[in-house]
Amino acid sequence: MTEYIYSCQILLKPVAQGTGLCAKEDLQKLFVPRKFIGTILPMLRLHGTVDLAGMEQGNTGDFTVLNVCGFDRDGRVYGVELWHGRFTPDEVIDLIFLIYDRYPRILD
């Protein structure tokens, strides 16, 4: 299902079910244990992103998302931490400070 949403919503090129690049089972193989992330964390280049799509008044569809990802030397990306919800502006600001406290090596 994820590959269809990505193709349709991000690429604006919908594909018929069953004709995507990979199956849901293939995507599940990409997840690595949290313990592994902890061991490679010092070697990753950390970046944070903030999606404030859910901050509009009266919005009931989108969520606000903050995440921290790390890239290794080969360009592979690892999701380090993710916050997803309907946050107030004050909560978003608090989360940004929390992220910078937890990950002082984070790049803009």
Which pair of non-hydrogen atoms, one from Cys69 and one from Gly79, has the smallest distance, and what is that distance? SG-CA, 4.2 Å

Reported CG-to-CG distance for the pair Asp94 and Asp90, which is rounded to 0.5 angstrom: 6.5 Å

Nearest heavy-atom pair of Leu41 and Leu46: which atoms, and what distance? CD1-CD2, 3.8 Å

Contact summary for Phe87 and Thr64, nearest pair of heavy atoms: CE1-O, 3.7 Å

Arg73 CZ: over 12 foreign heavy atoms closer than 6.0 Å: no

Do Val65 and Leu82 touch side chain to side chain, with heavy atoms closer than 4.5 Å? yes

I'd like to know if Ile106 and Trp83 are part of one continuous hydrophobic network [Ile/Leu/Val/Met/Phe/Trp/Tyr, side-chain heavy atoms within less than 4.5 Å]. yes

Shared hydrophobic cluster, Val77 / Val68 (ILVMFWY, side-chain heavy atoms < 4.5 Å): no

Closest non-hydrogen contact found for Tyr78 with Arg76 is OH-NE, 3.5 Å

Find out if a path of hydrophobic residues (ILVMFWY) with successive side-chain heavy-atom gaps under 4.5 Å connects Val80 to Val50. yes

Check: Glu81 and Asn67 side chains under 4.5 Å, non-hydrogen atoms: no

Evaluate the side-chain proximity of Leu66 to Ile96: yes if any heavy-atom separation is below 4.5 Å, no if none is. yes

Can you tell me how far the CG atom of Asp101 sits from the CG atom of Leu95, to the nearest 0.5 Å? 11.5 Å

same_hphob_cluster(Val92, Tyr103) at 4.5 Å side-chain heavy-atom cutoff: yes

Minimal non-hydrogen separation, Glu91 against Arg86, with atom names: OE1-O, 4.1 Å

